[in-house]
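See below for the structure under consideration.
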Amino acid sequence: MPELTWKHHTLIQALLSRGPLKHDEFHKIFEDVTGRSAGSYEQLFNDYLLKINKELSYVQFELRGCRNQYDGKVYYGVINKVADDQSKLGTKYSVPQIAFYKGIIEAIVQDSAGQGSISNIDALNIKLENQVPTATQTQLESQSQPGASVGMPAAFRNFSLSQKEQTLHELVQDRWLYSTSGGKIGLGVRSFLDLRSWFHQNDVPACHFCNEAAIKAEFCPTEGCPVRIHKYCLIKKFSQRKVEKVCPGCGNPWPYSVSEAEALEYQDELKGSTQIQPSTAPSKRKRGKSCITHDSETVESGPALSSVTSDATNNLRRSTRSSVRLR
């Protein structure tokens with residue numbers, strides 16, 4: 001087992017204590033502790049991350065990178081890959097709060113417009129009874145008292161609007177969710193870090209180029225064409241001079257003009273999308289390679305909300321297949 005130095009420990013501790021860090025922030029810490037620029041010494045940077053992940057794998061943790069689909073930036077974080085009952089016990093959120101989070105996630109990924117967000121009002125109107133596991137419903141039905149709401153735990157029935165508002169605020173503050181400038185609710189960077197496997201397992205439509213879940217994406221302008229592509233993937237592809245600006249699916253023109261400012265803004269980020277650790281799990285998708293290839297599930301630097309999202313995946317899998325534009 002390779003021994004980690006204080007430099008490796010510092011990188012891990014920075015992510016655990018500060019939460020997900022932007023690409024530039026994490027690279028700056030790497031430069032401070034090693035005296036080498038991550039951009040100039042890319043192989044050294046990758047070697048550090050690989051060595052860290054070999055050690056973290058013994059305790060089922062992983063240092064992972066992902067791209068925030070709302071700002072196009074790369075973030076790094078540490079996640080817990082175990083989704084067991086012990087992991088669930090560590091979260092600061094209550095059972096109704098977790099159910100509320102799960103309902104919001106499901107509503108966001110089912111957004112057929114590809115905006116990756118729902119209104120604040122829609123979020124507050126999420127019904128918790130849809131998150132009660134089938135086994136729990138059966139048990140509650142057999143034990144329910146006359147006049148009680150069948151299949152609904154008391155904690156769910158008593159979860160008030162003000163509690164939802166407070167939970168929504170906490171989820172945004174903890175970066176599980178994201179509040180847009182227009183007052184809508186989207187996925188937070190911690191959800192993007194944790195839920196990659198969950199997106200695949202539930203057949204969330206993928207970006208044609210990077211093969212990652214296209215939560216917020218641009219749609220092919222041709223009616224009936226199911227192709228969707230992240231904006232930053234479009235910029236990366238269409239900023240190449242010899243690339244024809246057509247849909248990779250239907251072949252029709254894709255009217256998107258990449259400005260010089262956009263090309264410069266994303267150039268460094270796209271170059272910095274280094275692989276932390278190749279995925280070992282087989283992917284259901286056959287097309288393309290991920291911009292950042294990592295795998296696993298659950299939380300960053302602590303117990304995971306995402307360790308309990310699998311409870312409702314069966315219902316979501318059916319709904320995404322029918323209500324979202326698939327390839």
Side-chain angles (χ1 to χ4, degrees), residues 22-24 39 42-43 46 65-75 108-117 178 180-182 184 186-187 189 192 195-196 199-200 202-276 278-279 282-295 320-327:
K22 288 183 179 179
H23 172 269
D24 292 343
E42 185 175 333
Q43 186 58 51
N46 289 337
C66 78
R67 192 176 291 278
N68 186 332
Q69 297 186 19
Y70 300 96
D71 62 15
K73 305 295 184 182
V74 173
Y75 289 77
I108 291 173
V109 301
Q110 292 177 54
D111 173 26
S112 60
Q115 295 303 305
S117 62
Y178 170 71
T180 70
S181 57
K184 292 194 172 184
L187 298 187
V189 64
F192 283 120
L195 298 179
R196 180 176 180 268
F199 294 146
H200 282 264
N202 288 277
D203 298 325
V204 176
C207 169
H208 190 92
F209 286 145
C210 76
N211 209 27
E212 290 298 315
I215 306 300
K216 179 172 174 56
E218 305 288 329
F219 278 47
C220 173
T222 302
E223 185 177 357
C225 180
V227 170
R228 54 172 68 186
I229 302 173
H230 298 126
K231 182 179 179 180
Y232 44 82
C233 290
L234 272 178
I235 293 174
K236 180 181 180 181
K237 189 72 174 178
F238 288 169
S239 61
Q240 302 174 31
R241 294 182 179 179
K242 296 183 180 180
V243 173
E244 190 176 5
K245 293 180 175 60
V246 297
C247 173
C250 65
N252 290 328
W254 193 308
Y256 188 89
S257 179
V258 180
S259 67
E260 184 177 352
E262 285 180 324
L264 291 174
E265 179 184 356
Y266 285 95
Q267 186 176 14
D268 292 338
E269 286 286 346
L270 292 168
K271 286 181 179 179
S273 300
T274 54
Q275 292 186 351
I276 292 182
S279 171
S283 173
K284 295 182 181 179
R285 311 185 193 279
K286 298 182 180 179
R287 187 192 308 131
K289 293 179 67 178
S290 168
C291 294
I292 308 176
T293 55
H294 315 292
D295 194 38
T320 52
R321 284 174 176 163
S322 61
S323 63
V324 181
R325 297 172 61 187
L326 300 174
R327 290 197 302 269

Exercise. Short question: side chain of Arg228, backbone of Ala217 - any donor-acceptor pair under 3.5 Å?
Worked result: no
Problem set entry | Spacing of NZ belonging to Lys231 relative to CG belonging to Leu234, to within rounding of 0.5 Å | 9.5 Å
Exercise. Where do Trp254 and Pro221 come nearest, in terms of heavy atoms and distance?
Worked result: CD2-CD, 4.0 Å
For this session: Could I get the full list of side-chain contact (heavy atoms from CB on, under 4.5 Å) partners for Phe192, not counting sequence neighbours?
Result: Cys66, Asn68, Gln69, Tyr70, Leu187, Phe199, Ile215
Problem set entry | Side-chain heavy-atom pair Lys216, Gln115 within 4.5 angstrom cut-off | yes
Problem set entry | Main-chain N/O of Ala213 paired to His230 side chain as donor or acceptor, under 3.5 Å | yes
Exercise. For Pro253, which residues count as a side-chain contact (heavy atoms from CB on, under 4.5 Å) partner, sequence neighbours excluded?
Worked result: none
Exercise. Taking side chain as C-beta onward, heavy atoms only, is Pro248 less than 4.5 Å from Val227?
Worked result: yes
Exercise. Taking the six-membered ring of Tyr75 as reference, does the NZ or CZ atom of Lys22 fall below 6.0 Å from its centre and within a 45° cone about the axis?
Worked result: no
For this session: Quick one: pull up CZ in Arg67 and SG in Cys210 and give me the separation to the nearest 0.5 Å.
Result: 8.5 Å
For this session: Compare every heavy atom of Cys250 with every heavy atom of Thr222, then report the nearest pair and how far apart it is.
Result: OG1-SG, 3.7 Å
Exercise. Can you name the nearest heavy-atom pair linking Cys207 to Ala214, along with the distance?
Worked result: N-CB, 3.7 Å
Exercise. Between His200 and Val204, is any pair of side-chain heavy atoms under 4.5 Å apart?
Worked result: no
For this session: To the nearest 0.5 Å, tell me how far Phe238 CZ sits from Ile229 CD1.
Result: 6.0 Å
Problem set entry | Spacing of Ile235 atom CD1 and Glu218 atom CD [to the nearest 0.5 Å] | 9.0 Å
